Structures are given as structure tokens and as C-alpha cells.
Amino acid sequence: AGLRAAIGLLPVLLAGCSGTPGPLPVAEPTVAGAEPTPPLAAADGYSINPGDLLEITVFGENDLSRTVRVSEDGSFSYPLLGKIRADGLTPHQLEGDLVGRLRDYLVEPEVTVFIKEYSKISVLGQVKKPGSYELRGRMTVTQAIALAGGFTEIAYWNGTRVVRTVNGKEEVIKVPVGQILSDGERLRDIELKPNDIIVVPESLI
């Protein structure tokens with residue numbers, strides 16, 4: 001009961017209170033205190049990420065309506081306006097930015113922004129459903145593992161690591177998921193970024 005209280009919505013059963021923990025249940029891919037993944041592309045709280053594919057529509061202006069991919073630096077190129085910064089903006093905020101800029105060329109432009117495809121993260125190794133998953137809003141390592149079906153019976157929880165590319169260089173971040181879940185150390189449950197790769201190794205025990 002104490003362990004379940006510590007991790008809230010993501011109950012975890014440790015095998016025999018010692019040794020390698022058992023598999024992570026799939027029931028709810030969230031932990032206490034973490035924000036749920038926004039279910040809709042147009043959710044006001046969702047911030048655009050590098051890697052997102054945006055569908056921009058300007059009413060009555062087919063030449064300005066197009067699909068663009070947000071680059072690694074958080075921007076995209078757009079006719080007449082050049083480079084536009086999108087990273088960190090909600091779709092609604094980006095709509096407002098584009099409307100303001102296009103007023104130099106159009107009378108009362110009407111712009112809609114829809115996220116056609118989200119950026120992705122990968123979960124590999126000893127999870128039940130390894131593969132790529134959409135990064136819809138804020139997501140932590142434990143949430144991603146739950147989304148991937150939880151750990152297998154031979155997973156080494158505390159050996160979990162995140163491989164992240166920053167400025168062309170690969171970084172490896174250790175995330176001791178077993179300690180996070182058993183001790184409630186949520187600050188160590190890092191927030192994921194686009195193109196992060198979570199790797200869960202096999203236990204040697």
C-alpha cells in the first residue's frame with residue numbers, strides 16, 4: 001500500500017521486496033504529479049516541438065497554405081516571411097504570430113495551424129512494446145515506459161538510460177527508474193525531448 005501511495009496512478013509491485021523488480025503494469029501511463037499527455041493536436045496547452053509536422057492554412061490563399069516540418073532549431077521557412085520560430089508556441093499562438101506578420105501583405109488574413117504529425121521518442125530494450133511513440137506534450141521516462149507496455153520480467157529497471165543528441169553530440173543520461181518509483185524521487189524522472197531514445201537493459205541477475 002505504501003509503494004502504491006508513493007507512485008500514485010502507476011502501481012508497481014516489487015518482486016519479493018528484493019532483487020529485480022517485476023514488470024510494470026500497463027493500466028495507466030502516468031505517475032502522481034505528472035501532467036497527462038494532451039489527447040488533441042489543438043489542445044491549448046500543447047507547445048510545438050522540433051520535429052512536429054504543421055499544416056498551415058491561409059483562407060483564400062493556396063500559395064501560402066502548406067505543410068512544414070519544424071527543424072531542430074525550432075523554426076521553419078515560410079513564403080514572404082522567411083524563418084519563423086515555432087518551438088514553445090501553442091498552435092493558437094503561432095496562428096496569431098502568422099496573422100500579425102501577414103497583415104503586411106494581406107487584408108485581414110485568416111490562419112489556422114494544425115499539428116499533422118508529432119515529433120517522436122523511442123523506447124527500446126526490455127519493454128513489452130518497444131518502438132517509436134508520439135511525443136504529445138510533456139512526457140517523462142516512466143510515462144514513456146508505461147506507454148510501451150511496461151518492463152519485461154528480465155528488465156534492469158535502474159539501468160534505464162536516455163540517449164539524447166544535443167548540438168550533434170550524443171549524451172547518455174542515467175535514469176534509475178526502480179529508485180524513482182520505490183522512493184518517490186520524481187525529480188529524477190526527467191522530461192523527454194524530441195528524438196530521445198530510452199534504452200532498458202537486461203538484468204544480469
Side-chain angles (χ1 to χ4, degrees), residues 9 28-31 33-124 129-149 162-171 173 186 189-198:
L9 298 176
E28 185 68 32
T30 57
V31 291
E35 295 183 10
T37 301
L40 300 176
D44 287 341
Y46 177 77
S47 296
I48 295 169
N49 281 317
D52 285 350
L53 187 66
L54 308 180
E55 188 173 79
I56 301 173
T57 303
V58 182
F59 181 74
E61 299 291 338
N62 291 336
D63 290 343
L64 296 177
S65 298
R66 57 189 56 213
T67 301
V68 297
R69 178 81 65 180
V70 181
S71 66
E72 290 186 3
D73 68 1
S75 67
F76 62 90
S77 295
Y78 192 76
L80 301 178
L81 307 180
K83 194 172 184 179
I84 302 294
R85 183 79 180 185
D87 184 26
L89 299 179
T90 66
H92 183 67
Q93 288 172 331
L94 180 57
E95 288 171 357
D97 183 35
L98 291 173
V99 166
R101 295 170 184 262
L102 287 173
R103 282 200 178 109
D104 291 338
Y105 306 94
L106 304 174
V107 177
E108 296 302 322
E110 296 181 27
V111 180
T112 59
V113 175
F114 176 75
I115 300 176
K116 190 173 183 179
E117 182 180 300
Y118 291 88
S119 56
K120 291 181 170 60
I121 54 97
S122 297
V123 188
L124 306 177
K129 296 186 294 183
S132 295
Y133 294 88
E134 291 184 336
L135 184 59
R136 297 194 178 194
R138 297 176 60 186
M139 184 184 297
T140 65
V141 172
T142 57
Q143 287 175 309
I145 289 172
L147 193 62
V162 174
V163 180
R164 176 176 294 170
T165 301
V166 180
N167 297 325
K169 294 184 179 180
E170 195 173 90
E171 296 182 356
I173 307 169
R186 291 196 299 271
D189 186 15
I190 69 170
E191 187 173 323
L192 295 170
K193 295 184 177 181
N195 301 316
D196 276 354
I197 302 172
I198 300 171

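All figures in this text were calculated on a predicted structure; none of them were measured in a lab. Throughout, residue positions are numbered sequentially from 1 according to the sequence presented.
For Glu117, the salt bridge (charged side-chain N to carboxylate O under 4.0 Å, His left out) criterion is met by Arg69, not counting sequence neighbours. A search for side-chain hydrogen bond (donor to acceptor under 3.5 Å, both in side chains) contacts involving Glu55 returns nothing, not counting sequence neighbours. Residues forming a side chain to side chain contact (heavy atoms under 4.5 Å, CB included) with Glu61 (at least two apart in sequence, or on another chain): Val58, Leu64, Leu106. Checked against side chain to side chain contact (heavy atoms under 4.5 Å, CB included), Glu72 has no partners two or more places apart in sequence or in another chain. Residues that satisfy the side chain to side chain contact (heavy atoms under 4.5 Å, CB included) test with Asn62, not counting sequence neighbours, are absent from this structure. Every residue two or more places apart in sequence or in another chain was checked for a side chain to side chain contact (heavy atoms under 4.5 Å, CB included) with Asn195, and none qualifies.
Residues Thr67 and Ile56 form no side-chain contact, since every pair of their non-hydrogen atoms from C-beta on lies 4.5 Å or further apart. Side-chain atoms of Asp104 and Leu81, non-hydrogen and from C-beta on, never get closer than 4.5 Å to each other. Between Ile173 and Asp196 there is no side-chain heavy-atom pair separated by less than 4.5 Å. Contact annotation: the side chain of Leu135 never approaches that of Tyr118 to less than 4.5 Å [non-hydrogen atoms, C-beta and beyond].
No more than 12 heavy atoms of other residues, nucleotides or ligands sit less than 6.0 Å from atom CG of Asp63.
Side-chain atoms of Asp189 come within 3.5 Å of backbone N or O of Thr142 as a donor-acceptor pair.
For the atom pair CG of Asp87 and CG of Asn49, the computed distance is 6.5 Å after rounding to the nearest 0.5 Å.
The shortest non-hydrogen separation linking Arg138 to Gln143 is O-OE1, 4.1 Å.
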